[in-house]
Structures are given as structure tokens and as C-alpha cells.
Amino acid sequence: MIAAFDATVLVYVVDENAPAPIDPGTGKPVTDCKQRIEYLLETLEKDDAKIVIPTPALGEVLVKAQQMAPELLRQLNSSKHFRIAPFDARAAVEYSSMHAQRIGKATTNRTKAKFDEQIVAISRVENVHVIYSDDGDIKKLAGPKIKVIGIAELPLPPAKAQSDMFDQHYSQDPNYGKWG
């Protein structure tokens, strides 16, 4: 499988202290964000998936990484699972096609829209099956051919999911936690 990480997900891969994103379903921070990202990485590694990092997404994360940017680049370049994918001629052709379809449609931020279009264009030419992103615009641009999954949709590791289910069920019992 080939997956892509947008900056909204990549930031949690490189900065474990980043504050959790807002879950669109609850309006609250995503619970267990770190565990969800770690489990995603473990699963992708186990499946020997390739993870594409589109250069516009990488650029956004490098800005936040500041002095750690060279080390981040070294780690990504040395990993057999990550591949930094440039905005090259093939992506430019895909981008121009996407852009032509969007002419006349209102966008709130043209710069952001261009970045999002480039990320999706790179993902398309890289034959990505799924983009991990919390950006609703990426989801709209990806269309039906590429699945987009946000952090709140990521599964919890099995042990954590089971303990949460157990806690939710038994925490309703007034005698829960009382010994004797």
C-alpha cells in the first residue's frame, strides 16, 4: 500500500508534544492522539507500506521544526518507509488539470488552496491509496479515488481500545472501583 501524510498528520510524527487536533465529531481534542499515530506507524510498517511525504507538506513541517529541520530530513531520507515526493513535471500536469477544474470556484485562501492542490496532485501521480490528513480541503480535492483519513478516525491500539471499552462499560456501575 502507498499512503501519504499531509502536514496536519506529519507534525504528530515528528513532534510528540504537539497539541492534539480538534475532533470534528466532538469539537474537543482528539483523545489518545499520540497512541493513534504510533499505532498507525506500527501498522504501516508491519504492512511494509510506503509513506509519501509531498514536498509542500514537508515544507510546512520544516518551518515548524526550525533548527531540528536538518535532523528531520536526515531521518526521513534514511527511512525505508518514507519517501519525499517532489512537485515535479508529472505533478505539475496533474495540478494544472485540478486547477483548471476549480477556476471560478470560490476559495477562502488561494495560497492554501494551491498547497492543498499540490499535495493531492503529488499523491495522485505517486499512486497513493490513502492520505492521512485533518484538512477538510484535502478531502474535497482528493475526490473518490483517494481515501482521506483524519487522526480522530485512526484506530487505537488493540490493548488501549479494549481497556477503554472495559472502562466505559463498568464505569457506569456505581460499585465500579469499590473493593469490599
Side-chain angles (χ1 to χ4, degrees), residues 1-26 29-65 68-88 90-91 94-95 98 115-165:
M1 176 177 78
I2 303 172
F5 282 3
D6 177 23
T8 62
V9 171
L10 183 60
V11 70
Y12 298 101
V13 173
V14 300
D15 181 3
E16 63 183 37
N17 296 317
I22 299 300
D23 182 336
T26 65
V30 172
T31 59
D32 303 307
C33 179
K34 181 179 175 182
Q35 289 85 355
R36 290 172 193 271
I37 294 293
E38 287 174 355
Y39 185 59
L40 170 65
L41 291 171
E42 289 171 16
T43 303
L44 291 172
E45 184 177 0
K46 185 176 78 173
D47 293 344
D48 203 30
K50 299 299 177 206
I51 303 167
V52 171
I53 307 295
T55 50
L58 177 63
E60 289 180 64
V61 172
L62 290 176
V63 167
K64 292 177 182 166
M68 296 302 296
E71 177 58 19
L72 171 59
L73 277 174
R74 188 196 64 71
Q75 289 176 359
L76 289 173
N77 282 321
S78 66
S79 170
K80 72 176 189 169
H81 296 286
F82 288 97
R83 180 172 128 38
I84 297 171
F87 184 73
D88 60 9
R90 291 181 348 164
E94 184 65 30
Y95 168 82
M98 291 171 58
F115 261 54
D116 292 346
E117 288 171 337
Q118 289 176 4
I119 289 167
V120 173
I122 291 167
S123 297
R124 286 182 179 176
V125 300
E126 292 290 330
N127 297 313
V128 164
H129 302 102
V130 60
I131 300 173
Y132 292 96
S133 174
D134 271 343
D135 187 329
D137 292 329
I138 294 285
K139 193 170 216 163
K140 289 176 197 169
L141 290 166
K145 292 183 180 179
I146 301 176
K147 186 175 184 174
V148 178
I149 299 174
I151 294 173
E153 300 170 85
L154 295 176
L156 288 167
K160 177 67 177 169
Q162 287 175 1
S163 70
D164 283 353
M165 182 179 71

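If you read the sequence from its start, that first residue is 1, and numbering goes on from there. Scope of the values below: all heavy atoms of this structure, side chains included, with no hydrogens, waters or symmetry mates. The structure displayed is predicted, hence computed values, not measured ones.
- For the atom pair CD1 (Ile138) and OH (Tyr132), the distance works out to 15.0 Å, reported to the nearest 0.5 Å.
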Inset, instruction - Using the side-chain contact (heavy atoms from CB on, under 4.5 Å) rule, take Phe5 and Leu44 through it: C-alpha gap first, then chi angles, then the decisive distance, then the call. - result: CA-CA 12 Å; Phe5 282 3; Leu44 291 172; 3.9 Å; yes
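- Taking every heavy atom of both residues into account, Val120 and Ala142 meet most closely at CG1-CA, 3.9 Å.
- A donor-acceptor pair is defined here as one N or O able to donate and one able to accept, closer than 3.5 Å; such a pair exists between the side chain of Arg36 and the backbone of Thr31.
- Closest of all the heavy-atom pairs between Cys33 and Tyr12 is SG-CD2, 3.8 Å.
- Between Gly150 and Asp134, the closest heavy-atom pair is CA-OD1, 3.1 Å.
- For the atom pair Asp47 CG and Glu42 CD, the distance stands at 11.5 Å (nearest 0.5 Å).
- Using modelled atom types, no side-chain atom of Tyr39 and backbone atom of Lys34 make a donor-acceptor pair closer than 3.5 Å.
- Atoms CD1 and CD1, from Ile131 and Ile146 in turn, are 4.5 Å apart once rounded to the nearest 0.5 Å.
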Output side-chain donor-acceptor pairs under 3.5 Å for residues 49-59, partner residues at least two apart or in another chain, one line each.
unit_1: Lys50; atom_1: NZ; unit_2: Lys80; atom_2: O; d: 3.3
unit_1: Thr55; atom_1: OG1; unit_2: Phe87; atom_2: N; d: 3.3

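- Atoms CD and CD, from Glu94 and Gln118 in turn, are 12.5 Å apart once rounded to the nearest 0.5 Å.
- Taken from CG in Asp88 to CD1 in Ile122, the straight-line distance is 7.5 Å, to the nearest 0.5 Å.
- In this structure, CD on Gln35 lies 12.0 Å from CG on Leu154, to the nearest 0.5 angstrom.
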All N/O donor-acceptor pairs, side-chain side in residues 69-79, below 3.5 Å, sequence neighbours left out:
unit_1: Glu71; atom_1: OE1; unit_2: Arg74; atom_2: NE; d: 3.1
unit_1: Glu71; atom_1: OE2; unit_2: Arg74; atom_2: NE; d: 3.4
unit_1: Glu71; atom_1: OE2; unit_2: Arg74; atom_2: NH2; d: 2.7
unit_1: Glu71; atom_1: OE2; unit_2: Gln75; atom_2: NE2; d: 3.0
unit_1: Asn77; atom_1: ND2; unit_2: Leu73; atom_2: O; d: 3.1
unit_1: Ser78; atom_1: OG; unit_2: Arg74; atom_2: O; d: 3.0
unit_1: Ser78; atom_1: OG; unit_2: Gln75; atom_2: O; d: 3.2
unit_1: Ser79; atom_1: OG; unit_2: His81; atom_2: N; d: 3.1
unit_1: Ser79; atom_1: OG; unit_2: Phe82; atom_2: N; d: 3.4

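- Met1 CE: more than 12 foreign heavy atoms inside a 6.0 Å radius.
- Side chain of Asp6 to backbone of Val9: no donor-acceptor contact under 3.5 angstrom is found.
- Using a 4.5 Å cut-off on side-chain heavy atoms (C-beta onward), Ile22 and Pro29 make contact.
- When every heavy atom of Val125 is checked against every heavy atom of Arg90, the shortest pair comes out as O-NH2, 2.7 Å.
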